[in-house]
Amino acid sequence: MGEMHEWSLAEALVTSLSRYAEREGISRIVEVDVAYGELMELDTEIFEQAFASMVKGTPLEGSKLVLREEEAKFICNSCGHVWDFKEAERQVDSGGPRIVEDGGGLESPLHLMPGLATALIRCPACGSRDFTLERGGDLRVERVVVER
Amino acid sequence: MSDSPGAPDFIREEAARRLSRAENVIFVGAGKGGVGKSLISALLALALVDEGKRVGLMDVDVHGSALSHILGASGPVVAGRKGIEPTLTRGIHLMSVSLLVGDSPLPALGEVERSLVVTMMALTNWPSLDYLVVDLPPGTGDEIISALRVARGRGEAGFGALVVATPSLVARRVVRRLLSLLRDERVRVLGLVENMSYVPCPGGGVVKPFGEGGVDGLAEEFGIPVLARFPMDPRVEEAIEAGGPVHRCSEEISRAVDDLVRGVVSRMGG
Ligand SMILES: Nc1ncnc2c1ncn2[C@@H]1O[C@H](COP(=O)(O)OP(=O)(O)OP(=O)(O)O)[C@@H](O)[C@H]1O
Ligand SMILES: [Mg+2]
Ligand SMILES: [Zn+2]
């Protein structure tokens with residue numbers, strides 16, 4: 001994975017939390033816990049670096065960023081088969097649409113928008129696209145520790 | 001130090017922030033399927049570009065995405081540190097899931113569908129725009145409600161909806177539901193766009209397959225104007241196939257497009 005969505009996601013996170021702190025009269029955010037789905041293939045080093053470069057002068061300056069990866073789990077609604085990230089990767093690696101990165105690299109859109117999974121993957125047992133991504137596809141703030 | 005409840009949904013907030021790069025956001029909906037929402041969205045966007053406006057066009061119909069076909073746009077899409085770049089097609093900054101996944105079917109329900117629309121809005125790196133036209137899917141389901149929740153943050157200013165209807169009795173009844181929803185949700189409806197009003201005949205004259213009266217009854221009931229009436233015109237699809245300027249494919253279409261642009265621009269205040 002290049003470093004494309006780490007920067008926009010980190011910027012979105014920092015902007016939202018800064019405004020949140022302002023709104024709530026919070027003087028300092030001490031810790032931010034973020035859960036991210038395995039399917040996003042987030043490069044945590046780049047995400048941390050992006051985060052650190054953006055928090056200067058905000059209530060998040062000096063805060064601790066805790067990133068927790070959530071394993072992906074797929075369940076077929078047609079045959080009941082269960083599969084994981086590795087199988088999904090195997091399928092998108094073997095072909096399908098690509099996004100062109102700034103630097104020229106090619107990436108599956110799955111990593112930017114895991115919600116596209118049913119267009120890019122099929123059940124490895126029966127071929128159905130009617131499956132559920134039980135978890136491992138989203139990104140959210142789980143906890144914020146603050147000083148008033 | 002304490003845990004703070006109510007941490008923000010930062011993806012949704014980012015979606016709203018990115019939407020605010022557009023001076024004006026115009027939703028194009030109908031409630032009913034197949035009445036011409038995507039075509040009218042594309043025509044409006046093309047004509048606004050001709051007026052010198054900076055125009056974005058977003059397809060939030062994740063299952064039945066049609067805009068790329070109407071505009072002849074295709075991937076691959078480029079992405080960088082600022083997110084996913086809309087594809088520049090005939091002067092329009094276009095974003096659509098079909099640019100990302102082509103024509104693969106995309107079955108998605110509920111939460112996945114909602115988050116798909118919001119994530120697309122949050123990741124698209126729109127430039128500064130005068131107009132962002134949003135092509136809605138049929139129905140009043142998840143994608144529409146998600147997009148509405150993101151857009152309503154902007155308040156009355158710079159946000160309006162166009163509702164497309166054909167004069168067919170059944171279409172009018174179904175479109176009525178969307179109009180009621182928009183009224184309940186306090187979305188400003190700029191006006192109705194009547195599509196397939198008539199069929200121009202070679203050598204003059206017109207045929208009205210759905211009879212007289214059109215959508216005037218709906219307009220009256222909801223106290224909104226009919227901004228433009230589009231004929232059912234075979235030259236539309238001929239122009240799509242040839243990759244020509246669809247909004248200028250015939251005199252009748254061209255006239256309706258001009259009416260529509262005038263109506264939209266004057267109501268949005270420029
Ligand atoms: N006035 C018209 N003259 C000729 N062709 C038209 C006209 N309006 C729509 N069409 C054609 O009819 C088809 C359906 O139109 P369109 O895709 O715009 O409808 P829609 O309301 O967006 O449908 P959906 O509900 O699937 O989103 C398209 O192929 C379009 O080119
Ligand atoms: Mg459509
Ligand atoms: Zn299966």
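In the text below, chain A, chain B and the rest are named by the order of the sequence lines, each starting its count at 1. Computed from heavy atoms alone, side chains included, the values below leave out hydrogens, waters and symmetry copies.
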> Under 6.0 Å from the CZ atom of B/R186, do we count more than 12 heavy atoms belonging to anything else shown?
Replying inline: no
>> Only pairs of heavy atoms separated by less than 4.5 Å count here; which of B/P107, B/P76, B/A122 has the most with chain A?
In response: B/P107
> Which distance, rounded to the nearest 0.5 Å, do you find between the CE of A/M113 and the OG of B/S115?
Replying inline: 8.0 Å
> How many angstroms lie between atom CZ of B/R81 and atom CD of A/E6, to the nearest 0.5 angstrom?
Replying inline: 10.0 Å
> In Å and rounded to the nearest 0.5 Å, what is the CG to CZ distance from A/L139 to B/F10?
Replying inline: 4.0 Å
>> Under the criterion salt bridge (Lys or Arg N to Asp or Glu O under 4.0 Å), I'd like the reasoning laid out for B/E13 against A/R23: C-alpha separation, chi angles, the key distance, then a yes or no.
In response: CA-CA 14 Å; B/E13 289 186 4; A/R23 237 175 15 239; 3.8 Å; yes
> Side chain, backbone, both or neither: which part of A/R143 has a non-hydrogen atom closer than 4.5 Å to chain B?
Replying inline: side chain
> To the nearest 0.5 Å, what is the distance between CE (A/M40) and OG1 (B/T119)?
Replying inline: 7.5 Å
> What distance separates A/D138 CG from B/I11 CD1, expressed to the nearest 0.5 Å?
Replying inline: 9.0 Å
> chain B heavy atoms under 4.5 Å from A/L13: which part of the residue, side chain, backbone, both or neither?
Replying inline: both
> Hey, does the side chain of A/S8 reach the backbone of B/L123 with a donor-acceptor pair shorter than 3.5 angstrom?
Replying inline: no
>> If only side-chain N and O atoms count, and only distance matters, is there a donor-acceptor pair under 3.5 Å linking A/S16 with B/R17?
In response: yes
> Which heavy atom in B/P8 sits nearest to a heavy atom in A/V141, and how many Å separate them?
Replying inline: O-CG2, 4.3 Å
> Do any of residues 89-102 of chain B have a heavy atom less than 4.5 Å from a heavy atom of chain A, and if so, which, in residue order?
Replying inline: B/V97, B/L100, B/V101
> By a 4.5 Å heavy-atom criterion (distance strictly below it), what part of A/L110 contacts chain B: side chain, backbone, both, or neither?
Replying inline: neither
>> For the CD atom on A/E71, are there more than 12 heavy atoms of other groups (residues, nucleotides or ligands in this structure) within a distance under 6.0 Å?
In response: no
> For A/R19, is it the side chain, the backbone, both, or neither that has a heavy atom closer than 4.5 Å to a heavy atom of chain B?
Replying inline: side chain
> Distance from A/L116 atom CG to B/M120 atom CE, nearest 0.5 Å?
Replying inline: 9.0 Å
